[in-house]
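Side chains are part of it too, since the values below use all heavy atoms of this structure and drop only hydrogens, waters and symmetry mates. Per chain, numbering begins at 1; letters A, B, ... match sequence-line order.
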Number of protein chains: 2
Amino acid sequence: MLSTAIPLFESADVKGHFWTICRYCVSEKLLTYCGVASSVTVLNSLGIEAPDEPQIYPYKMFTQENIFPDAVLHHRRPLDVEKGGNTLEQLASIVSSFDVQVDTHFADALDEGGCRDVLVAALQSSDQRVIIDFNRKILHQTGSGHFSPLAAYHSGEDRFLLMDVGRYKLPPCWVKAQVLYNALTGVDLTSQKSRGCLIITPREASTSHSQS
Amino acid sequence: MLSTAIPLFESADVKGHFWTICRYCVSEKLLTYCGVASSVTVLNSLGIEAPDEPQIYPYKMFTQENIFPDAVLHHRRPLDVEKGGNTLEQLASIVSSFDVQVDTHFADALDEGGCRDVLVAALQSSDQRVIIDFNRKILHQTGSGHFSPLAAYHSGEDRFLLMDVGRYKLPPCWVKAQVLYNALTGVDLTSQKSRGCLIITPREASTSHSQS
């Protein structure tokens with residue numbers, strides 16, 4: 001059901017996101033910072049205006065510290081995330097504080113085919129990114145709820161490439177679409193809602209997507 | 001001379017290091033931390049026993065903070081690196097504090113073919129890694145002295161894949177071997193010696209390499 005084998009990458013047909021996710025991917029700095037690390041990766045990869053980062057001035061980048069400017073702090077503090085991580089909607093509220101549109105999909109509102117369609121369509125778009133909220137147990141991994149970006153899809157194998165932000169723990173791996181769907185549809189005990197995914201689009205590009 | 005085009009990756013013939021460097025690559029947290037970020041990337045990718053990292057306990061990983069345990073601090077402090085970065089030998093002294101053998105190659109002691117041979121042989125070995133110390137100006141990049149890991153070689157194009165740890169600044173790029181050689185042979189004004197590369201091997205594996 002899982003494969004850490006990399007050769008699939010060369011025959012994968014939807015992999016436009018991979019290189020930019022690979023360039024910007026960071027390891028979660030705390031066990032509960034998977035959503036924060038995924039957001040930092042995705043926002044940097046979209047080229048969204050980042051907060052100032054004095055240590056690399058005049059360059060800028062999102063980091064797991066500066067992703068909490070005032071606009072985020074007033075509803076979500078680092079301490080809150082450290083304690084219990086984020087639910088899908090809480091992470092959406094952080095990410096949407098920046099110059100992006102965030103579409104939140106609860107997986108239990110989709111069937112398996114519909115879920116695949118949402119993920120593949122986003123992976124095919126050069127100006128969208130995908131963060132999933134999944135149950136690690138379904139993937140036979142240690143842990144439970146976890147966020148990470150997806151970076152590619154292999155239609156022949158019907159597998160998604162998961163770029164785990166727990167990089168000290170697991171390498172990128174190819175997950176069967178059916179298994180991924182099961183991992184997305186579990187209930188998050190904190191929110192009492194289904195897990196799912198965030199589709200993130202720069203605001204500038206989101207108008208054309210909503211018109212198409 | 002430079003190419004940020006990614007399609008070369010698929011036809012590259014020496015790319016075994018790429019996936020592990022990609023998994024562990026970090027952005028330098030300070031403009032002078034390129035050597036530190038490169039070392040963190042490489043040490044994590046070799047699976048060397050990492051210092052404790054309380055925030056992700058029970059997991060461990062090298063970070064740009066914990067790469068300065070006592071064994072490093074007594075000869076090289078974060079403040080020293082913050083002020084002026086590292087020379088090739090200073091970086092070797094940090095990395096060799098861990099469970100690896102570090103071979104330091106000054107590029108001016110090699111001709112272009114010899115330099116290529118050293119780099120390609122290391123990239124072909126599953127238990128070695130390569131960090132280069134180069135002059136960005138020769139690559140028409142902003143800045144001067146800089147460290148980053150190499151991750152692949154394309155013999156048809158005679159290009160190396162440079163995984164820049166100034167990730168907020170530049171994506172991975174393919175550099176012609178001849179241009180890279182010129183960038184490695186320049187003099188580092190701090191050391192008054194040539195730049196070059198570090199070939200890093202776990203101590204356990206280094207015995208078999210020295211016997212071969």
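The number of heavy-atom neighbours closer than 6.0 Å to CD of A:E157, taken from other residues, nucleotides and ligands shown, is above 12.
For A:T142, the part lying near chain B is the side chain, with the backbone staying farther off; criterion is any non-hydrogen pair under 4.5 Å. Interface residue A:E28: only backbone heavy atoms are found under 4.5 Å from chain B. At a 4.5 Å heavy-atom cutoff, B:S45 makes no contact with chain A through either its backbone or its side chain. Of the two parts of A:F62, neither the backbone nor the side chain holds a non-hydrogen atom closer than 4.5 Å to a non-hydrogen atom of chain B.
Taking each heavy atom of A:Y168 and B:M61 in turn, the nearest pair found is CD2-SD, 3.7 Å. Counting all heavy atoms, side chain and backbone alike, A:Y57 lies closest to B:L31 at O-CD1, 3.3 Å.
Of the listed residues (B:R167, B:K29, B:M163), the greatest number of heavy-atom pairs within a distance under 4.5 Å of chain A belongs to B:R167. Contacts with chain B were tallied for A:R23, A:E82, A:Q55; A:R23 has the most, counting heavy-atom pairs under 4.5 Å. Comparing A:L30, A:D164, A:I56 by how many heavy-atom pairs each has under 4.5 Å with chain B, the most go to A:I56.
Look at B:E10 and A:K15 and you find a salt bridge, because one of the NZ, NE, NH1 or NH2 atoms lies within 4.0 Å of a carboxylate O, short of that distance.
Contact of the B:S27 side chain with the A:Y59 side chain is not registered, since no non-hydrogen atoms from C-beta on lie closer than 4.5 Å.
Ring planes of B:F9 and A:F9: perpendicular class, angle over 60° (limits at 30 and 60°).
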